[in-house]
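I have placed the structure first, in the form of structure tokens, so that the comments after it can refer back to it.
As a basis for the values below, the full set of heavy atoms in this structure was taken, side chains included, without hydrogen atoms, waters or symmetry mates.
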Amino acid sequence: MPTTVSLPDDWPAHPDRSLSLNSMGSFDWDLVTGLMHMDEAALDVFDTLPGEYDGRPESLGRRVPHAESARLDALVSSTLKGGDDSYGAYFRIRCRDGRLRWTHTQGRVMRDRDGRPYRIIGIVRDATEELTHSAERLGLDEERRRQTSVVESTTAALAHARTVRDVIDVIGDAHGLERLGSMGMVMGLVEAGRIHLVAEGPAGSFVPGTRYTRIDENYPMSEVVRSLQPRFLDSAQEFAEEYPGLWQKISYMDISAAAYLPLIAQARPIGAIGLLYQDKDGFTQDERNLLVALGSSIAQSLQRAMLLEQEHDLAEGLQQAMLPRRIPAVDGGEIAVRYRSARMGQDIGGDWYDVIPLPGGRVGAVIGDVQGHDTHAAAVMGQLRIVLRAYAAEGHSPGTVMARASVFLHELDTDRFATCTYVEADLATGVLQVVRAGHIDPLLRTRDGDCRQLSAEGGMPLGLSAEFGRLEYPVTTVELDPGETLLMCTDGLVEHPGADLDDGVRLLGDLVRSGPSDLQELADRLCGAIDERGGDDDMALLLLRRRVEETAQGGGRLQQHVAPGDPEALVAARHMIGAAVRAWGTGDRADEIELIADELIVNALMHTDGPAIVTLRVLSGGERRLRVEVEDRSSALPRRREAGDSGVSGRGLMLVDRLADAWGVESRGSGKCVWCEFLMD
């Protein structure tokens, strides 16, 4: 006898029950009225109570993130306009507890005889389990390729970071955050037992009181530094429970997840980074592995940048210590100096400037560059600067200063050479004596703002001229009128990558022409152009301006060469002196000045084997003075003695001492200079 099977009363199950038990619901969307009916199961998929839904799709907006809603609207609109009969899409909804949940919708479009859509009937379902167990549907391979791309692109960008700021910009800018899928980033560095917050985002998200925090405080960055382990916060609820103090201050940012990573280099923590997310529901294991790998890459780049900055600071400090600590005030002139080191790393160079007070109110201006970009170049520069300064202060002529400096560098235990320009300036008269050793020509800015290059005949670079026995350094004499400015610089100011040096000089001239009239502001303007260009070479700059108000009035500078055994030259020198002292307004002292000058010239011709060079010039300042200088080639100093039986020999210095207001003797390298000064009416 056949067995009787008892079936349930509700068998087979109603379609609505089947849908509900499988987390599926149905909807019916009337496109004419805009109303959408959703059964209870469909509302349950959206985590919405029946009383919260008014039949309009817009009321579900709080459950669908904006980005997802825009994507769905675009899909439906494309389907309706394109004539398709169905569509399907995966999207996320935000549940009541803030979690994001994957959902799928499938819709069938109903059209009238004319093809116009008037109704959509479809289903919605919870796709969480489906996507969890069927990663292929989400394009797992594509996601892994994306993650690999994130690692590669971020690592490549970090490879170019040379400063801590560069590292922060790579991670924290819009492109970096987009790569990581994050909406914000915080980074802190370990400093003396505290964490110094060096970056936070987005803008305006800084939490007062967190710029410096102790490592033992209850903050996520402090925890990862203490434990050396990453901390992943999968939901806003977890964040609030674990770190209530911090959450209270940042809850307005709608953070749904966060990842805090220790930055570890050489087995010690150097800082921590936090990545903040919106619309994210936890972290998969692959995502965690990705972030840990990125944290390691960021830590290595950060440590490299910190070491480069330390090395740069050390190198720049060494360079600055070898440059003059202060620039002396110069009567009749203004001076501006600047130095800019190379952008980063140990790119310290041998560029230098110097200003040397010289006898007679003159001043020496030096600009130079030792070959190379390392500490050895800086060390050679320091020695060469001191030696050149000493030779100039001894009174050697500009050409001799250069020759002796070249010999010194050649004899130094180094293979480096140096380029240099040395200018001996008499700002009372405006006479400049320019000597160039393989360096670029200086520029001259006129009082009306025009700028031109001063072509000065030059010799070989220092060190090389001694090696090849070519120590001749010709002197070019030019005049600097009141209000004019001399510009001297190293090639770091004019060299541009891929551009000709002459083009760089022309560009510099344009900057000088359009620059401000104030000397310090002009120097800043020129340095600012270098900073904008971001050159890889260091740069030294010296600006020397002759003041208008402090130049000599009614006088100037005259010089005469008197050869031994040439009576006509002696007569010409006497005529020059007589005409000059009367033209310059010396009053009743003219005869005294002529007498003293004649005595000094005759003494130089009698007691030395070479010529005499007599120079007359008017000195400016608080009171006008006329200065007489007589140079010869003898290093023997004159001495006062009683006149002989003839009453002639020995009287020269007695007359100088009695008639001149001041006098003295200066060493001039290969000889000496006897000078005296007279107050003028």
Side-chain angles (χ1 to χ4, degrees), residues 7-111 117-140 142-143 234-235 237 256 279-282 284:
L7 298 175
D9 296 338
D10 59 352
W11 187 89
H14 191 276
D16 289 343
R17 178 173 174 80
S18 298
L19 293 174
S20 177
L21 289 175
N22 288 277
S23 299
M24 303 175 67
S26 63
F27 67 88
D28 189 343
W29 190 358
D30 187 338
L31 299 178
V32 178
T33 63
L35 296 177
M36 178 189 290
H37 170 75
M38 300 186 69
D39 62 17
E40 188 173 344
L43 292 175
D44 189 56
V45 171
F46 278 87
D47 201 10
T48 300
L49 298 176
E52 297 174 335
Y53 181 63
D54 60 0
R56 297 186 177 277
E58 295 83 2
S59 62
L60 298 174
R62 62 179 179 175
R63 289 285 178 257
V64 184
H66 178 72
E68 303 285 353
S69 177
R71 184 165 59 85
L72 283 175
D73 289 345
L75 174 63
V76 173
S77 177
S78 175
T79 300
L80 296 178
K81 293 179 180 179
D84 295 332
D85 293 333
S86 64
Y87 65 86
Y90 290 91
F91 64 99
R92 291 178 298 175
I93 65 166
R94 186 179 299 281
C95 299
R96 294 177 180 274
D97 59 6
R99 292 182 301 107
L100 291 172
R101 185 170 70 194
W102 280 105
T103 305
H104 182 264
T105 182
Q106 184 75 34
R108 175 71 65 174
V109 180
M110 311 297 291
R111 300 179 183 274
Y118 65 90
R119 189 175 180 184
I120 299 177
I121 299 175
I123 60 172
V124 292
R125 57 191 176 85
D126 185 347
T128 303
E129 186 174 356
E130 172 193 351
L131 296 181
T132 300
H133 296 288
S134 303
E136 293 80 8
R137 295 186 184 181
L138 288 176
L140 182 58
E142 179 63 29
E143 176 63 16
D234 292 321
S235 66
Q237 181 179 358
S256 64
D279 300 334
K280 185 173 183 61
D281 184 18
T284 66

Give a yes or no on whether a salt bridge exists between R56 and D54, defined as a side-chain N under 4.0 angstrom from a carboxylate O.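 Between D54 and R56 there is no salt bridge, as every charged N stays at least 4.0 Å from the carboxylate O atoms.
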I'd like to know if R101 pairs up with D281 as an ion pair, taking the criterion as any Lys NZ or Arg NE/NH1/NH2 lying under 4.0 Å from an Asp or Glu carboxylate oxygen.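 Between D281 and R101 there is no salt bridge, as every charged N stays at least 4.0 Å from the carboxylate O atoms.
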Taking every non-hydrogen atom, the tightest pair across [X] and [Y]:
X: R94; Y: G98; result: NH1-O, 3.0 Å
X: V124; Y: A42; result: CG2-CB, 3.7 Å
X: P50; Y: L43; result: CA-CD1, 3.7 Å
X: L35; Y: W29; result: O-CD1, 3.4 Å
X: Q106; Y: S86; result: NE2-CB, 4.3 Å
X: G34; Y: P57; result: O-CD, 3.4 Å

[atom1] of [X] to [atom2] of [Y]: how many Å apart, nearest 0.5 Å?
X: M24; Y: H104; atom1: CE; atom2: NE2; answer: 9.5 Å
X: I93; Y: W102; atom1: CD1; atom2: CH2; answer: 12.0 Å
X: Y53; Y: M38; atom1: OH; atom2: CE; answer: 6.0 Å
X: R119; Y: R108; atom1: CZ; atom2: CZ; answer: 14.0 Å
X: K280; Y: D234; atom1: NZ; atom2: CG; answer: 9.0 Å
X: E40; Y: L49; atom1: CD; atom2: CG; answer: 9.5 Å

Expected output: side-chain [X] to main-chain [Y] donor-acceptor under 3.5 Å:
X: T105; Y: Y90; result: no
X: R92; Y: P65; result: no
X: T79; Y: L75; result: yes
X: D28; Y: H37; result: no

Begin with the C-alpha distance, continue with both residues' side-chain angles, and end with the deciding distance and a verdict on side chain to side chain contact (heavy atoms under 4.5 Å, CB included) for E52 and S59. CA-CA 8 Å; E52 297 174 335; S59 62; over 6 Å; no
Close side-chain approach of L31 and L80, heavy atoms under 4.5 Å: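 Yes. Closest side-chain heavy atoms under 4.5 Å.
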Do the side chains of D279 and L100 get nearer than 4.5 Å, heavy atoms only?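 Yes; the side chains approach each other to less than 4.5 Å.
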Apply the test side chain to side chain contact (heavy atoms under 4.5 Å, CB included) to residues V64 and T103: give CA-CA distance (whole Å), side-chain angles for both, the deciding distance (0.1 Å), then the verdict. CA-CA 10 Å; V64 184; T103 305; over 6 Å; no
Before giving the answer on side chain to side chain contact (heavy atoms under 4.5 Å, CB included), spell out for I120 and V76 the whole-Å C-alpha distance, their side-chain angles and the decisive distance to 0.1 Å. CA-CA 10 Å; I120 299 177; V76 173; 4.2 Å; yes
Run the numbers on D85 and R111 for side chain to side chain contact (heavy atoms under 4.5 Å, CB included), then give the verdict. CA-CA 8 Å; D85 293 333; R111 300 179 183 274; 3.8 Å; yes
